[in-house]
Amino acid sequence: MSSFDDPNAMSQPSLAARAMAARPAPYLDELNPAQRAAVEALDGPVLMLAGAGTGKTKALTARIAHLMQTGRARPNEILAVTFTNKAAREMKDRVGRLMGQTVEGMPWLGTFHAICVKLLRRHAELVGLKSNFTILDTDDQIRLMKQLIIAENIDEKRWPARQLAGLIDHWKNRAWRPDQVPASEASAFNHRGSELYDYYQQRLKTLNAVDFGDLLLHMVTIFQNHPDVLEQYQRWFRYVLVDEYQDTNVAQYLWLRLLAQGHKNICCVGDDDQSIYGWRGAEVGNILRFEKDFPGAKVVRLEQNYRSTPHILAAASAVIDANQGRLGKTLWTAAEDGEKVRLIGHWDGEEEARWIGEEVESMARGTRGLRPFSLDEMAILVRASHQMRAFEDRFLTIGLPYRVIGGPRFYERMEIRDAMAYFRLAVSPDDDLAFERVVNTPKRGLGDKAQQKIQMTARSNGVSLVDGARILLQDKGLGGKGGAELRVLVDAIGRWSDLARQPEHNHIELAEQILDESGYTAHWQNDKTPEAPGRLENLKELVKALESFENLQGFLEHVALIMDNESDAGEAKVSIMTLHAAKGLEFPAVFLPGWEDGLFPSQRSMDESGLKGLEEERRLAYVGITRAEELATISFAANRRVYGQWQSALPSRFIDELPEAHVDVLTPPGLYGGGYGAAGMAASASPQIMTAAESDLQERASRADVYNSPGWKRLQARSQSRPMSQPRESRSMVIDAEAISAFTAGDRVFHTKFGYGTVMGLEGDKIDVEFDKAGGKKVVGRFLVAAAEAGDVPF
DNA sequence: ATACCATCTCTTTTT
DNA sequence: GAGATGGTAT
């Protein structure tokens, strides 16, 4: 531990820092008046209400720079918390740039969790842990809970471990320890909820482990029970800054309040209109209550938007305006008018994906008087990840490069987690969860029965599973193939841990050795499934990632908290992601598909949380629209396949909230042939058992007559002028007679359904085409169009 | 211990 | 409709 970031090694504010105060501060000149006010109000509580695209990070980093520049605090006396590693990294970079390289890193700029780990390792003994505790991820947690549920003879099918995990997580978010769970909730989970929570915490303690929620909760406990420790940090962290304050949960809130209680030098930055994580414990109330919590707080509103055009802002503002109980901000911009928000309805989800695919392509070429947009500048933001499939399918067929943001993360992949479990065993052989995970991976003939024997031996001897296995083998309690294999494994673990303890032994070599000797690499080499090569590739990447660490231990410690996967740069691609994943990002052109009642706003959200749920959905809509810089395109479909069943839906109520003056309604061919209105009618019939709040909601919805809504009327108006749909193929796919005879073997062609391909030959009235993605097909000539060029993919 | 069939459950997700 | 999980048959 360096003395630099150790509160115990406190010293006087440095002379150098004070001397710096005299120098001018160029970063202040780049701020607008509101930003500047937020930066210069250094002492006392400050709430910075920063609307979307108003230069929040700029103000926050300038504030940090200003704190140092004025000599108020040294870099290590500033506590700055974010939610994601990405945000933390960005802030570090920007502060570094503002200050020049003279500033040593800020040890206390990081995520809530990363900072809490650091603190908890110093004070672990105060909550009955050793400072080398392990951090469990969701997977480990669930396995542990499953064991508990089975041990307690609870029907695991009716009471799944997932649910218990969710419940306990919820309680931890609210900062309830097992004895603090209110009676109204404690009986959840078959009346055993709080009891199981208690057992779970005991198990964690014996395993010397914590889960993510514990990181915060343990620190709150320590601060509450040990005033001396708390005081020490209150004094050390002279200034506290919090990013995305609207996303804090109760535990985080308590933690912050405890730390800032003394000097009250706390600056919270956030936007109540962008609070979209209520479902995972975030309390908008925290930000709404700030002025009560910190009387005399200075509230600064950042309202000048530097991101979007006026039309986009107007649309977003109108939507969010329908929410109650906002702190209230009015975004404005100095930008030119630009394009209106575009609205388009489709017959079904497939048609929507097809249209967006084509629109992306033509926008990339730069049609319709719009400037050309590179694929990197376009994004498709969906409400639910299952919506992504339609787009992936479509983009694959037409050969449009895309990237999905926020898929399964690198460190959550099976092979990575297996490999990490082996590493964990090398570093600490007593890690029972790691042992359980890999004892029969690859298959060693150690099934349930053998594993139970190991468990029993370990428990009766009061030792870890590896040691239990050793004893079992010594007592000849396990013979045959399984016994022999177990011997090999146990010996190997012994060897690895010896090597891991030798600082001179290269940890990268050790990692390779572990993967090799465990048979894990061979396991995937022998696997013939199509995923196997990718998994081996990932393992290689994992080993490569070790390079930036001193040893395995250091690597493991960091990995638990840093679950990033940097999306590959390289070729320009259109991005597909959820609205949640899009928060904090911006794109010149944004597509917002699936704006249908039930999907967006999500029915489940409204069922479970009533008006609160609807308002959070509306904030999501606001987040979506405000991601767009120049062009936002909202769309909906009358019909969609949900869980294999066709369902019709009405356009989202959020569409009715879009102001007419800022919206352009586009009409695609193929929409009004199928009785759109009839399809819409069918959707409203879904009777529900409702609470009072929900029925109120329902009433509101039905009173808002969709057919008199501006959105609907606009669509009707357009449909009259172009009453009948043409067949889908009519736009670009129909080929005139001459064209058909023009196809010969070797021609590059395009088919709406199968994508690009090469003509192999002619067979009667059919043409034999070898498609790039879909394989060989015989198709009717009129569904084919000559591909633009031999080099087909236009990008 | 594994392979195969039946059944269930389907937001959003960081750390 | 599809993927994940679990139970049963081999």
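In this text the structure is predicted, and so the values were computed from the model without any measurement. Values below: all heavy atoms of this structure, side chains included; hydrogens, waters and symmetry mates excluded. Residue numbers start from 1 in every chain, and the chains themselves are labelled A, B, ... in the order their sequence lines are given, proteins ahead of strands.
- Between I405(A) atom CD1 and dT13(B) atom C1' the separation is 15 Å, expressed in whole Å.
- For the pair T111(A) and dT14(B), the criterion of a side-chain N or O lying under 4.0 Å from OP1 or OP2 is not met.
- Rounded to a whole Å, the CZ atom of F83(A) is 11 Å from the P atom of dT15(B).
- Atom CD1 of I276(A) and atom C1' of dT13(B) are 10 Å apart (whole Å).
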Checklist entry - Stepwise, does the side-chain contact (heavy atoms from CB on, under 4.5 Å) test hold for L620(A) with F600(A)? => result CA-CA 9 Å; L620(A) 212 38; F600(A) 188 42; 4.0 Å; yes
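- Applying the side chain to side chain donor-acceptor pair (under 3.5 Å) test to every pair with at least one member in residues 384-393 of chain A, sequence neighbours left out, gives these pairs: E392(A)-Y402(A).
- Within 4.0 Å of R444(A), counting heavy atoms only, lies no atom of the nucleic acid at all.
- Between the P atom of dT12(B) and the CD atom of Q387(A) lies a distance of 9 Å, rounded to the nearest Å.
- At a cut-off of 3.5 Å, with distance as the only test, a side-chain donor of D214(A) or Q201(A) sits close to an acceptor on the other residue.
- The CZ atom of F112(A) sits 13 Å away from the P atom of dT15(B) (whole-angstrom rounding).
- Spacing between atom NE2 of H170(A) and atom P of dT14(B) amounts to 20 Å, rounded to whole angstrom units.
- By the ring-ring contact (aromatic ring centres under 6.0 Å, His included) test, H218(A) pairs with no residue at all, sequence neighbours left out.
- First and last contacts of DNA chain C with chain A, using any nucleotide atom under 4.0 Å from a protein heavy atom and ordered 5' to 3', fall at dG1(C) to dG6(C).
- The ring-ring contact (aromatic ring centres under 6.0 Å, His included) search around Y622(A) returns none, not counting sequence neighbours.
- Within 4.0 Å (heavy atoms only), L136(A) reaches no atom of the nucleic acid at all.
- Nucleotides dT5(C) and dT12(B) are separated by 16 Å at their P atoms, to the nearest Å.
- Here the P atom of nucleotide dT15(B) and the NZ atom of K86(A) are 10 Å apart, to the nearest Å.
- Using a 4.0 Å cut-off between charged side-chain N and carboxylate O, D211(A) and K172(A) make a salt bridge.
- Listed by chain and number, the residues in a ring-ring contact (aromatic ring centres under 6.0 Å, His included) with H580(A) are Y277(A), W279(A) (sequence neighbours excluded).
- Exactly one of R640(A), R641(A), R394(A) qualifies for a salt bridge (Lys or Arg N to Asp or Glu O under 4.0 Å) with E352(A). That residue is R640(A).
- For N85(A), a side-chain nitrogen or oxygen approaches OP1 or OP2 of dT15(B) to under 4.0 Å.
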Checklist outcome for this item: Under a 4.0 Å heavy-atom criterion, the protein footprint on nucleotides 2-11 of chain B, written with B, S and -, is S-------BB
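- The nearest whole Å value for the distance from the CG atom in D139(A) to the P atom in dT14(B) is 15 Å.
- Seen from the ring of F133(A), R121(A) counts as a face-on cation partner, given the 6.0 Å and 45° thresholds.
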